[in-house]
Amino acid sequence: MADIIRLLPDHVANQIAAGEVVQRPASVVKELLENSVDAGADRIVLVVKDAGRTLVQVTDNGKGMSPGDARLCFERHATSKIRVADDLGQVRTKGFRGEALASIAAVAQVELKTREHDQDLGTRVLIEGSRVRAQDPIAGPAGTTIAVRSLFFNVPARRQFLKSDGVELKHVLDEFHRVALAHPDVAFQFVHNDHEEFNLPAASTTGLRQRIVGLFGRKYDERLVPVEEATDVVRVAGFVGKPEFAKRSRGEQYFFVNHRFIRSSYLEHAVRKAYDELVARENYPSWFIYLDIDPAQIDINIHPTKTEIKFRDDRAVYAIVHAAVRRALGRFNITPSLDFEPEPAILASIDTTPKPIQAWRPQDLGAFTAPPRPSAAGWQQLFQMGMASPVEEGPTTMVMPARTPPVRDPDMEPGDRPVFQLHGTYILTQLRGGLMVVDQHRAHERILYERNLKLLEQGAGMSQTELFPRHVELNAADLALVQDVLPELRSMGFDLELFGGRTVQVNGMPAEAADEDPAKLLEQLLDQLKNEKSGLRNERHHALARSMATSMAIRAGRILSKQEMNDLIDRLFACEMPYHSPGGRPTLVTFGLEELDERFER
Ligand code: ADP
Ligand code: MG
């Protein structure tokens with residue numbers, strides 16, 4: 001019988017190998033852009049036609065290639081970037097397999113024009129389906145232009161596999177975004193079908209914010225919170241999105257390791273976790289996180305598209321990334337960004353409680369016509385700096401008698417602002433720039449949650465002793481659950497004792513829940529606890545604090561006095577993260593005067 005195994009001809013082998021590297025036009029975009037960056041270019045122009053089907057062309061001002069290299073670069077495993085296998089661990093450049101150009105040349109018509117800076121003449125190479133058609137000397141600018149035409153012209157199956165132009169363009173944009181974000185110090189231009197999509201000037205490394213705004217729009221400027229953490233293991237830098245801008249669709253989530261875009265569900269988890277109580281589960285926050293790490297500590301040589309990574313010390317990296325994001329969000333959230341307006345200028349008519357005449361302050365004179373309105377820039381600034389914090393500033397933390405003129409003009413006067421309860425559910429109050437609506441249940445949840453967490457850490461909750469201990473009957477499962485969390489419940493002020501059989505004796509209740517029915521509270525708490533996913537050990541406190549907060553928090557329908565509403569608002573803003581309930585839902589919404597003016601068609 002004749003041999004049936006034959007060696008594949010080179011160009012067929014190349015086509016098959018190419019399949020791994022070149023899946024669609026976007027793969028070409030990625031490889032060409034990365035080569036230009038590797039060549040030291042600081043200006044790169046990407047021109048695409050028909051979502052890359054017809055043309056992908058990249059021009060750079062990098063170091064260029066000699067005539068010999070211009071021919072060699074299309075050979076498989078031709079690379080100037082590693083010499084020996086040992087180098088692999090030290091690779092900092094993007095490509096290192098020497099496969100990209102060979103793969104692209106196997107499935108397209110490629111024209112390379114290149115000139116080294118110290119040479120008068122450059123080289124032009126035409127290659128088509130791995131076959132060199134021409135190589136001539138040419139005159140032209142220093143640097144390199146590679147034009148890739150008619151992708152998959154010789155692989156009809158692949159060509160048919162491509163999606164609509166819209167989809168392919170989306171992939172191209174994704175790759176462009178990644179490379180442009182990884183290298184803010186390089187200027188990029190992107191032209192699609194003769195239309196300029198982007199023209200991004202080179203920003204210094206500190207200009208990352210500028211690059212993000214250049215790519216995703218001006219609105220991103222106010223959404224970003226800087227992240228910065230330097231440790232021996234890894235340096236973390238970049239930005240994370242403010243929680244309230246999290247979106248329903250997976251938004252901009254980028255990790256870069258040593259300026260290389262990578263995917264990592266592991267790191268994603270670390271960041272997601274930091275947003276835990278800030279963003280509802282179905283929403284996606286955005287982030288642009290850059291890790292700098294010794295290349296010996298990572299392994300990126302696991303897949304031809306090279307977007308996955310292994311860290312030698314992955315636990316440490318996880319913990320550092322998590323802490324860095326957590327700290328960034330905490331720092332930003334710690335001070336309220338809301339500017340309370342103490343003078344009842346707008347809601348006065350709504351507030352029906354009798355009010356003492358306010359002492360006037362000189363600065364009020366101007367306010368007769370219209371309340372002061374911060375400019376848009378002003379709001380943004382407030383948001384970024386955080387408002388003068390009621391916690392830090394001595395005088396504002398004291399409740400001031402209404403008749404005493406304040407020593408200084410506080411942005412927020414605790415305990416005495418006009419408030420109005422709407423449908424027993426929402427609290428309305430005035431801000432300098434508009435109106436704030438607080439969800440009373442969620443606000444209280446947040447307050448109790450943070451209080452519970454503190455108590456759990458300190459292990460010393462105050463409980464209001466019941467005059468007559470109450471007995472509550474539980475089923476076996478609930479009893480086991482109570483036994484399991486008994487010490488923690490006591491820390492949070494829920495003083496329980498196992499009475500024998502399935503009976504629990506309630507000796508004391510958390511002070512804040514003193515008028516709740518103990519049996520009902522316990523039942524709600526156990527329900528909540530069962531809903532919590534039984535998580536890691538260190539999540540236990542969060543789960544307990546959250547469950548307890550949810551079962552104790554005042555419910556919708558509960559009528560509050562003016563004093564109670566003011567207290568609630570004060571305590572909410574004394575919280576570390578006032579804007580979201582422990583479940584990640586908003587505790588409050590605001591309406592700017594501009595927004596109201598607009599509704600009134602002013
Ligand atoms: P790799 O990037 O893995 O080395 P490629 O196939 O992408 O493999 O490129 C092969 C070689 O061609 C590179 O190592 C580099 O020497 C050269 N090269 C590719 N693109 C450029 C460019 N834009 N400017 C200068 N040299 C380039
Ligand atoms: Mg390459």
Side-chain angles (χ1 to χ4, degrees), residues 10 13-15 17-23 25-47 56-85 87-108 110-119 121-127 130 132 135 138 140-148 151 175-176 178-179 182-183 186-189 258-261 295 300-307:
D10 253 8
N14 281 349
Q15 269 184 25
E20 256 200 302
V21 181
V22 189
Q23 283 145 3
S27 327
V28 176
V29 169
K30 170 184 195 286
E31 296 298 338
L32 295 187
L33 289 178
E34 290 188 344
N35 278 347
S36 292
V37 169
D38 283 349
D42 62 11
R43 173 150 188 86
I44 300 176
V45 180
L46 167 65
V47 176
V56 174
Q57 177 184 293
V58 171
T59 301
D60 67 52
N61 63 355
K63 63 179 192 284
M65 285 181 253
S66 68
D69 283 352
R71 170 65 195 85
L72 259 179
C73 70
F74 293 106
E75 295 294 328
R76 191 156 299 277
H77 305 302
T79 176
S80 55
K81 296 168 196 172
I82 41 172
R83 303 250 173 250
V84 285
D87 282 354
L88 273 175
Q90 293 300 321
V91 174
R92 263 189 190 270
T93 49
K94 302 279 161 300
F96 54 85
R97 293 161 162 266
E99 270 179 30
L101 288 183
S103 300
I104 294 168
V107 293
V110 180
E111 181 185 27
L112 161 69
K113 289 189 269 188
T114 186
R115 176 167 75 80
E116 291 174 300
H117 288 252
D118 59 355
Q119 298 294 314
L121 272 188
T123 312
R124 171 173 171 271
V125 176
L126 257 183
I127 183 164
S130 299
V132 180
Q135 173 158 10
I138 49 153
T144 303
T145 292
I146 299 186
V148 176
L151 185 64
E175 295 297 351
F176 179 76
R178 287 167 194 165
V179 178
H183 303 282
V186 176
F188 287 93
Q189 192 188 2
N258 298 345
H259 296 282
R260 177 196 299 276
F261 170 81
I300 38 171
N301 190 17
I302 45 180
H303 191 267
T305 53
K306 290 165 285 176
T307 54

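We count ligands from 1, going down the list as the structure has it; atoms in each ligand are counted the same way. Keep in mind that the numbers below use all heavy atoms, side chains included, and drop hydrogens, waters and symmetry copies.
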(message) Against ligand 1, does M65 come closer than 4.0 Å with any heavy atom?
(response) yes
(message) Over 60° means perpendicular and under 30° means parallel, so tell me whether F188 and F176 are parallel, tilted or perpendicular.
(response) perpendicular
(request) Find out whether V110 and I127 are in side-chain contact, i.e. whether some heavy atom of one side chain is under 4.5 Å from a heavy atom of the other. (result) yes
(message) Checking E111 now: which residues fulfil salt bridge (charged side-chain N to carboxylate O under 4.0 Å, His left out) with it, not counting sequence neighbours?
(response) R124, R149
(request) Compare all side-chain heavy atoms of T123 with those of M65 and state whether any distance is below 4.5 angstrom. (result) no
(request) Would you indicate which of N35, L32, V37 comes nearest to atom 20 (N) of ligand 1 when only heavy atoms are counted? (result) N35
(request) Answer yes or no: does an N/O atom from L101 fall short of 3.5 Å to an N/O atom of ligand 1? (result) yes
(message) For the 3.5 Å polar cut-off, considering only N or O atoms, please tell me whether D38 and ligand 1 meet it.
(response) no
(request) Using a strict 4.0 Å cut-off to heavy atoms of A100, name the atoms of ligand 1 that fall inside it. (result) 6 (O), 7 (O)
(request) Please list, chain by chain and in numerical order, all residues satisfying salt bridge (charged side-chain N to carboxylate O under 4.0 Å, His left out) with R71, sequence neighbours excluded. (result) E75
(request) Indicate, as side chain, backbone, both or neither, the part of T114 found under 4.0 angstrom from ligand 1 when only non-hydrogen atoms are considered. (result) neither
